[in-house]
Amino acid sequence: MEALVVGSGVTGASIARELAQRGAHVTLAEQYAAGTIRSASGGDTRLLRAAHGEAGWYTRLAWRARTQWLELQEESGTRIWEPVGLAWFARSADGFEARSRETLAREGIAHEWLTPQTAGELFPTLAADDLAGVLWEPDAGVLHARRATQLLAEDAERLGVRRHAGHVEPDAGLPADVVVWACGAWLPKLFPELVEVRVERRDVFFLGGETTWTGAPGWVDYDGGFYGHGDVGGLGVKVAPDFPSDEVDPDEVDRLPLPAREREARDYAARRFPALANAPVVGVRVCQYDLSHDTHFLVDRHPEHESWWLVGGGSGHGFKHGPALAEYVADCIEGRCEREAMHRLGARTGDAGLRTRS
Ligand SMILES: Cc1cc2nc3c(=O)[nH]c(=O)nc-3n(C[C@H](O)[C@H](O)[C@H](O)COP(=O)(O)OP(=O)(O)OC[C@H]3O[C@@H](n4cnc5c(N)ncnc54)[C@H](O)[C@@H]3O)c2cc1C
């Protein structure tokens, strides 16, 4: 099989690598560079967690991906994983965290329900008086995203994948048996009639904490709309507000932070982690989400070109799944499984709540 994969973010690089492992002849095309800072996969770090509320499918996918990431790290000798665990700040006893807890128990994935007082021991400082509890995932962690994306593309090349530098336009004459469009926030630009994905900006801040923040866990305040992690790789303590924005163009969005977002990040840090109240901002990233309306991925055939697959809609939670999503997509391409109804093209309603709520 001759396959062309367009887009060398985590999704495209993983799919190209997976198809090559299965014996396909693959070309991986990229308009900028694998892990370009303009892509969602080009961020410094991404959280990997198994908790997805009641969504067992995504819980299992993340868990499978975790194994694959660790194998890639082991085989390549390149550090891409920080095993720091992840704390979910539960504002109620019956919300996303409680539903996740049931799913994790069903799937046999390690977790603990901590009192706010006990959770305080996980961080150099934590104000938890507004929390009903903390769901602790000891085997969750942080991926070095840009490095991991580039590593996937390099490993794909080692497996025989040809790299093509350049922008690919949808054109019926593309010379391949299968074309996978894994174009992240560019997918709705390429297929505006088909892909209902909203592209929004998000500003991410890194604060300069004391050395005690090195190795502190990842954390998510799901109902509050904030997430982050301790100091990883010297980047600083990550604090990310997850609030809606206007739609943006991924080629043109200005990647300087908005003062309002910085204020929100600082205020949250000061409230939740009092020792960070006066910490300086030591790093900033502006990136874009490709949001499906219901937070589910998009994995479907193009209605007019049977051999084209559209894959995207990472919706702010897609990174961790990369290699496992690729297995699923490759199975769909090879006819070993049917794409899930939740991933099909067409109008999406409801909200599966798979990412931090804002
Ligand atoms: C601020 C932020 C925080 C996030 N946090 C997390 C997290 O903690 N955990 C998590 O799991 N996920 C997280 N995500 C989501 C995750 O990063 C994305 O879902 C994932 O990286 C999307 O990967 P992708 O490969 O689908 O798209 P992208 O990374 O955007 O890659 C698409 C690639 O395709 C290329 N391309 C597009 N069109 C063409 C074309 N026509 N020709 C050639 N090349 C083309 C682009 O240049 C780009 O390199 C976060 C996202 C953001 C923005």
Side-chain angles (χ1 to χ4, degrees), residues 4-16 27-50 52 58 61-62 65-66 69 86 140-143 145-146 148-150 152-153 163-171 174 179-191 197 199-205 218-220 227-229 238-243 245 248 250-251 253 255 257 261 284-292 295 297-299 310-322 324-326 329 354-356:
L4 169 63
V5 180
V6 185
S8 193
V10 71
T11 308
S14 297
I15 293 171
T27 301
L28 176 59
E30 170 55 48
Q31 62 187 354
Y32 293 121
T36 168
I37 213 79
R38 298 191 204 217
S39 68
S41 306
D44 300 282
T45 57
R46 295 291 181 251
L47 299 174
L48 186 152
R49 35 94 177 189
H52 283 81
Y58 288 89
L61 198 75
R66 181 182 180 280
W69 286 120
L86 190 142
V142 176
L143 287 156
R146 186 165 56 256
T149 302
Q150 291 164 348
L152 283 168
R163 309 273 292 271
H164 169 76
H167 178 86
V168 181
E169 275 292 315
D171 170 352
L174 289 171
V179 182
V180 181
W181 299 91
C183 301
W186 289 264
L187 207 53
K189 282 181 92 170
L190 293 166
F191 301 101
V197 160
V199 178
E200 292 187 12
R201 67 177 281 159
R202 290 295 185 275
D203 297 17
V204 174
F205 299 89
W219 55 271
V220 181
Y227 63 90
H229 56 63
K238 182 170 175 174
V239 180
D242 194 355
F243 299 134
S245 86
V248 297
D251 292 304
V253 60
R255 291 178 192 268
R261 294 284 102 95
V284 183
R285 291 271 177 229
V286 175
C287 193
Q288 67 280 325
Y289 278 176
D290 53 336
L291 295 163
S292 65
T295 69
F297 296 147
L298 166 63
V299 179
L310 308 185
V311 183
S315 301
H317 69 96
F319 190 90
K320 68 183 80 58
H321 298 291
L325 180 67
V329 172
L354 298 171
R355 71 173 181 85
T356 327

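Positions are given from 1 along the sequence. Just so it is clear, the structure is predicted and the values come from calculations on it, not from any experiment. Remember, it's 1-based here, ligands and their atoms both numbered in the order they're listed.
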Using only atom types and a distance under 3.5 Å, with no angle test, would you say the side chain of Gln288 pairs donor to acceptor with the backbone of Arg38?
yes

Just checking, is any N or O donor in the side chain of Ser315 or Thr295 under 3.5 Å from an acceptor N or O on the other one?
no

Any residue meeting salt bridge (Lys or Arg N to Asp or Glu O under 4.0 Å) with Asp203, in chain and number order, not counting sequence neighbours:
Arg201

Identify the protein atoms, limited to N or O, that lie within less than 3.5 Å of an N or O atom of ligand 1, and list each pair with its distance to 0.1 Å.
unit_1	atom_1	unit_2	atom_2	d
ligand 1	8 (O)	Leu47	N	2.8
ligand 1	9 (N)	Leu47	O	3.0
ligand 1	11 (O)	His317	O	3.1
ligand 1	11 (O)	Phe319	N	3.0
ligand 1	11 (O)	Lys320	N	2.9
ligand 1	11 (O)	Lys320	NZ	2.8
ligand 1	12 (N)	Gly318	N	3.4
ligand 1	12 (N)	Phe319	N	3.1
ligand 1	14 (N)	Gly316	O	3.4
ligand 1	17 (O)	Ala40	O	3.3
ligand 1	17 (O)	Arg46	NE	2.9
ligand 1	19 (O)	Gly318	N	3.2
ligand 1	21 (O)	Ser41	N	3.2
ligand 1	21 (O)	Ser41	OG	2.9
ligand 1	23 (O)	Ser41	OG	3.1
ligand 1	25 (O)	Val10	N	3.2
ligand 1	25 (O)	Thr11	N	3.0
ligand 1	25 (O)	Thr11	OG1	3.2
ligand 1	26 (O)	Thr11	OG1	2.8
ligand 1	29 (O)	Ala40	N	3.4
ligand 1	29 (O)	Ser41	N	2.9
ligand 1	29 (O)	Ser41	OG	2.5
ligand 1	30 (O)	Ala40	N	3.3
ligand 1	36 (N)	Gln31	NE2	3.4
ligand 1	41 (N)	His167	ND1	3.4
ligand 1	41 (N)	Val168	O	2.8
ligand 1	42 (N)	Val168	N	3.0
ligand 1	44 (N)	Gln31	N	3.1
ligand 1	47 (O)	Glu30	OE2	2.7
ligand 1	47 (O)	Gln31	NE2	3.0
ligand 1	49 (O)	Glu30	OE1	2.7
ligand 1	49 (O)	Glu30	OE2	3.1

Under 3.5 Å, side chain of Ser41 to main-chain N/O of Val10, donor-acceptor pair present?
yes

When you compare the side chains of Trp186 and Asp251, does any donor N or O come within less than 3.5 Å of an acceptor on the partner?
yes

Say whether, by atom type as modelled, one donor and one acceptor occur between the side chain of Arg46 and the main chain of Ala40 under 3.5 angstrom.
yes

